[in-house]
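In what follows, a single structure is set out as structure tokens and then discussed.
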Amino acid sequence: MENTKKETRAVVLGGGGVTGMAWEIGIITALLEKDIDLSEADVIIGTSAGSFVGSSLASGYDIKKLYDSQFATNTSEVNTSVNPEIMMLWTEAFRYGKDDKKKIGQMFGDIAKKYPPNISKETRQRVVESRLTTTLWPQKLRVTAIDADTGELHVFDKDSGSSLINVVNASGAVPGIWPLVTFNEKDWIDGGMVSSTNARLADGYDKIVILSPMPQKYGLIPSVGEDASEMQKSSKVSLIVPDEDSILAIGKNPYDPNHTASSAKAGFNQGIKEAADIYKTWL
């Protein structure tokens with residue numbers, strides 16, 4: 001779809017585990033079928049699951065092929081989940097961190113260091129490599145990760161001096177689920193631990209489409225819905241979150257690869273239904 005008004009456009013892809021990836025891929029595929037090509041954005045911002053999807057979208061990879069792959073078994077995937085002890089520590093990070101994003105991020109970094117998962121870095125590396133469709137940094141891609149020591153959110157791009165594999169691995173390094181990632185003499189954790197979507201990174205763009213598999217509010221940190229409402233004051237914004245059918249398809253554990261096919265299909269069906277509204281933003 002031609003951007004006739006030459007307004008700047010951004011796509012924001014939030015975190016949500018392997019099922020969130022599949023759901024986002026389903027949405028994007030459906031929109032493409034309705035002549036809404038999100039790869040035409042000026043910038044694509046990916047957090048955690050969204051960093052994997054964003055790398056494919058920004059590189060021009062065949063989205064239909066990526067969608068079809070969600071219905072095949074990926075033998076490199078690992079079925080994991082958050083145990084109650086780790087979940088309690090996550091809750092405490094938001095309780096004690098209040099509205100201090102760096103403090104919350106730092107507490108999550110501490111969790112990653114003190115409670116390393118049983119999954120090895122080598123196993124995680126195989127998972128990451130199996131999900132990526134390119135190892136080259138796309139020009140328009142931005143990927144988030146949190147410094148485990150300072151709690152500060154960083155945004156990486158092709159000029160950051162770090163490999164796409166390392167950065168995407170870090171962006172999805174959920175404390176207690178996946179091992180933290182070390183590069184550039186720093187330890188990194190999941191970019192979506194404080195804000196699952198980091199939608200405000202798209203501030204300043206004229207037209208913004210946000211896909212958020214995990215739109216829930218945590219602690220005093222603004223939800224993606226609250227972020228989108230603020231952004232709508234100066235931009236055209238479409239926020240897509242899972243509908244009832246998608247929530248059922250995704251299931252209770254976003255890290256369960258057995259739900260990727262159902263999540264992708266539900267995302268596709270939802271994308272078809274919502275395409276007309278998104279068209280108004282994207283045109």
Practice prompt. For residues 77-88, pull every pair meeting salt bridge (Lys or Arg N to Asp or Glu O under 4.0 Å), keeping only residues two or more places apart or in separate chains.
Written response: Glu77-Arg131
Response to the item:
Of all heavy-atom pairs linking Leu164 and Pro138, the shortest is CD2-CD, 4.4 Å
Worksheet item: Do any N or O atoms from the side chain of Gln70 and from the backbone of Leu66 form a donor-acceptor pair under 3.5 angstrom?
Response: yes
Worksheet item: According to the ring-ring contact (aromatic ring centres under 6.0 Å, His included) rule, which pairs have a member within residues 224-268, sequence neighbours left out?
Response: Tyr67-Phe268
Worksheet item: Where is the tightest heavy-atom contact between Leu239 and Ser212, given as atom of each residue plus distance?
Response: CD1-CB, 4.2 Å
Discussion item. When you measure from the side chain of Gln270 to the backbone of Ser246, do you find a donor-acceptor pair of N or O atoms at a distance under 3.5 Å?
Written reply: no
Practice prompt. Report the residues that fulfil side-chain hydrogen bond (donor to acceptor under 3.5 Å, both in side chains) with Asp227, sequence neighbours left out, ordered by chain and then residue number.
Written response: none
Worksheet item: Got a sec, which hydrophobics cluster with Met107, joining ILVMFWY side chains under 4.5 Å apart, including via others?
Response: Tyr96
Worksheet, complete the sentence: So side chain to side chain donor-acceptor pair (under 3.5 Å) across residues 214-224, not counting sequence neighbours, yields Lys217-Glu226
Item to complete: Give every residue pair that meets the salt bridge (Lys or Arg N to Asp or Glu O under 4.0 Å) criterion with at least one member in residues 46-61, sequence neighbours excluded.
Response: none
Worksheet item: Is the CG atom of Asn118 crowded by more than 12 outside heavy atoms at less than 6.0 Å?
Response: no
Worksheet item: What pairs of residues pass the salt bridge (Lys or Arg N to Asp or Glu O under 4.0 Å) test when at least one of them lies in residues 139-148, not counting sequence neighbours?
Response: Asp147-Lys186
Item to complete: Kindly state each residue pair satisfying salt bridge (Lys or Arg N to Asp or Glu O under 4.0 Å) with at least one member in residues 244-269, sequence neighbours excluded.
Response: none
Response to the item:
Residue set satisfying side-chain contact (heavy atoms from CB on, under 4.5 Å) with Lys113, at least two apart, ordered chain then number -> Asp110, Ala148, Asp149, Leu180
Discussion item. Is it true that Ser48 and Asp190 share a donor-acceptor pair across their side chains at a distance under 3.5 Å?
Written reply: yes
Worksheet item: What pairs of residues pass the ring-ring contact (aromatic ring centres under 6.0 Å, His included) test when at least one of them lies in residues 166-196, not counting sequence neighbours?
Response: His154-Trp188, Phe156-Phe183, Phe156-Trp188, Phe183-Trp188
Item to complete: Might you point out which heavy atoms bring Ser51 and Val168 nearest each other, and give the distance in Å?
Response: OG-CG1, 3.4 Å
Item to complete: Using the side chain to side chain contact (heavy atoms under 4.5 Å, CB included) rule, take Asp157 and Val155 through it: C-alpha gap first, then chi angles, then the decisive distance, then the call.
Response: CA-CA 7 Å; Asp157 60 22; Val155 181; over 6 Å; no
Worksheet entry | Flag, side chain of Ser238 to backbone of Val209, donor-acceptor distance under 3.5 Å | no
Worksheet entry | Test side-chain hydrogen bond (donor to acceptor under 3.5 Å, both in side chains) applied to Thr133 - qualifying residues, sequence neighbours left out | Ser56
Discussion item. Using a 3.5 Å distance criterion without hydrogens, assess whether the side chain of Glu24 forms a donor-acceptor pair with backbone atoms of Gly14.
Written reply: yes
Discussion item. Less than 4.5 Å apart, side chain to side chain, heavy atoms only: is that true for Gln125 and Asn169?
Written reply: yes
Worksheet item: Other than Met88, which residues form its hydrophobic cluster under the rule that side-chain heavy atoms must be closer than 4.5 Å?
Response: none
Discussion item. I'd like to check Ser120 versus Pro179 (side-chain heavy atoms, cut-off strictly below 4.5 Å). Are they in contact?
Written reply: no
Fill in: Nearest heavy-atom neighbours spanning Val11 and Leu38
CG2-O, 3.7 Å
Worksheet item: Which heavy-atom pair separates Ser130 from Asn74 by the least distance, and what is that distance?
Response: OG-ND2, 3.0 Å
Discussion item. Quick check against the 3.5 Å criterion: does Ser160 have a side-chain atom that pairs as donor or acceptor with the backbone of Ser162?
Written reply: no
